[in-house]
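Since the structure comes first, as structure tokens, the remarks are kept for the end.
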Amino acid sequence: MSPPPAIALPAESVAAAPTLPDLWPPVKPLRGFTGFLRRHPTVTIGAALLIVMVLIAVLAPYLGTVDPTTLNTSRRTREPSALYWFGTDMLGRDIYSRVVYGARVSLTVGFSVAILASIAGLAIGLVSGMVRWADGFIMRVMDGLMSIPPILLAIALMALTRGSVGNVVMAITIAEIPRVARLVRGVVLSLREQPYVDAAVAAGTRMPMIILRHILPNTLAPMTVQATYICASAMIVEAILSFIGAGVPPTVASWGNIMAEGRALWQVKPFIVFFPAVFLSITVLAVNLLGDGMRDALDPRLAKGL
Amino acid sequence: MSAPLLEVNDLKKHFRVRGGFLGRAPAWVYAVDGVSFEIARGETLSLVGESGCGKSTVGRAILRLFDVTAGQVVLDGRRIDDLSAGALRPIRRRVQVVFQDPFSSLNPRMRVKDIVAEPIRNFGLAASSADLDARVAALMDKVRLPREAVERWPHEFSGGQRQRIGIARALAAEPELIICDEAVSALDVSVKAQIVNLLQDLQQELGLAMLFISHDLAVVEHMTHRVAVMYLGKIVEVAPKRRIFAAPQHPYTQALLSAVPVPEPGANRQRIILKGDVPSPINPPKGCRFHTRCPYAFDRCRVEEPKLQPTEAGHLAACHLLEGAASAAA
């Protein structure tokens, strides 16, 4: 069959055809760093809040603060004012300065625990997932650690040592390691069964390279997300330890310490507890937002811009 | 004919199923229980059978992705199933694999060029990094993908394209035998045809031998030289393609072939409907493994296991009913 003859349109009718309004303008792909931020608003908000907190902690001496340990018995439990932005506590210390300096303790503990627990948990989880005969023993030890609530374990470990930031970090890290190890082991066990790992074995890749190239990169995404949750949880545990007097020494300004000292007065002077609590909540929220956002962003199918 | 490229002798792979808590006797899955066949250079042998009959296990055992329970795998006259991991590594180059799932068979965190270059690097096939790039580009041409694709990530490709990347990786090692483990089963019909044609072209061009593991008899009929039919961990019939599709001898093969849809409306055909399910490979039936579902089973089938023996030149079957033919052929 021959094709139908082309219909000749009068030239003026073609020229008169109205240009249709562009109802669907082409969607511009969100590229580059700003595109990434717009595609992942939770990462943006979380990261922005966290950066503010880090800046506060780093720049603490330049933010209109005074020495957070200076006592002033004539100016105890003052309400917030232009002079004492967050008021003063029962020993006359400036709460604003104490909260700002307290950010240093919380962030140090949060980040250190997240990094140390991730590294140790990654190592333990990799060994457990790859070395089958070691798996049973390692995981039973981890199960044993996990059967103790992390706060109790941290309190018990603190009871063995002196109160200091370093010891708090160690205590919380030990309590958090099993969660990372268990996660990494699970991921490693499922990755081992992936056809691309079998294909790599068939292609002559040696075991260390299989771990380095095929297993490790695919555990990093879930582990990074887990690390942010551990960071948030560590900051809360630090505050709890300080609150019950098992954390950093009372001479150090930490959010937990400030709240512990304000506890007796919280019905008459609620601002003493209020400001450190707000800072703790915002920081934990920021870290959790960052973690949730990263969980989505680190999915390689969506992460073109990263 | 010269010596076969690959010989599999009485291969067995039994998986232990944990007997449970407190030291109950462990149970075993007899996934592959005495399988023998050979593949000549440049030949395609198809291994067909239902899901769970052990055909993929045979492929994985040849690749030494696990140790076999018993039997031998002989590549080019050299036994490879008992070699140490280190001694085996250089030999791995000669046998490569293409997997079923085009999504999980490529590492999502490696670029295409690194995926394809991995075997080249491992086996030291490239003299320089320029040579490596040239080889990767040539492989992309071979599997009909644009050369620019090497800079991209696996998730940017469709299933058929990803399967081409998987084939390029297999070819990168310059193998003599490729094991296609359901390599086209996950693809839709038009893409499947393209990949099948690609595999055929490559086989002719490069003189590859292929072990084509599949349950898709239409594709098998198109691709293969010979067919081996598996049932519950054993081969029940081996024959050249024409023989097996025209005159299947084993009752199971007959039933299997009668299940292939005929693309012709009103075609008159007799279907053999098997009763029951495939028995569990944990506790396979005694005697002939097919006797629980065989329409012709008689007393001897329940006690004595039939041997795989020639019924005609190049045609082997394992059935007591065919013994007259077998002794005549022998």
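Below, read A as the first sequence line, B as the second, and so on, with proteins coming before strands; counting in each chain starts at 1.
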Is [X] atom [atom1] crowded by more than 12 heavy atoms from other residues, nucleotides or ligands, each under 6.0 Å away?
{"X": "R78(B)", "atom1": "CZ", "value": "no"}
{"X": "R206(A)", "atom1": "CZ", "value": "no"}
{"X": "M207(A)", "atom1": "CE", "value": "no"}

[X] and [Y]: which non-hydrogen atoms are nearest, and at how many Å?
{"X": "S104(B)", "Y": "Q194(A)", "result": "CB-OE1, 3.3 Å"}
{"X": "V97(B)", "Y": "A202(A)", "result": "CG1-CB, 4.0 Å"}
{"X": "P108(B)", "Y": "Y196(A)", "result": "CD-CE2, 3.7 Å"}
{"X": "A221(A)", "Y": "R109(B)", "result": "CB-NH2, 3.7 Å"}

Under 4.5 Å from any heavy atom of chain A - which part of D101(B):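 The answer is neither part of D101(B).
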Counting only non-hydrogen atoms closer than 4.5 Å, does L63(B) touch chain A with its backbone (N, CA, C, O), its side chain (CB onward), both, or neither?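 Only the side chain of L63(B) comes within 4.5 Å of chain A.
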Most contacts with chain B, counted as non-hydrogen pairs under 4.5 angstrom, among D198(A), L191(A), V197(A):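 Looking at each of D198(A), L191(A), V197(A) in turn, D198(A) comes out on top.
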Any chance you could measure D114(B), atom CG, to R213(A), atom CZ, to the nearest 0.5 Å?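 Answer rounded to 0.5 Å: 7.5 Å.
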Using a heavy-atom distance cut-off of less than 4.5 Å, which residues of residues 117-125 of chain B contact chain A?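 From residues 117-125 of chain B, the residues near chain A are E118(B), P119(B), N122(B), F123(B).
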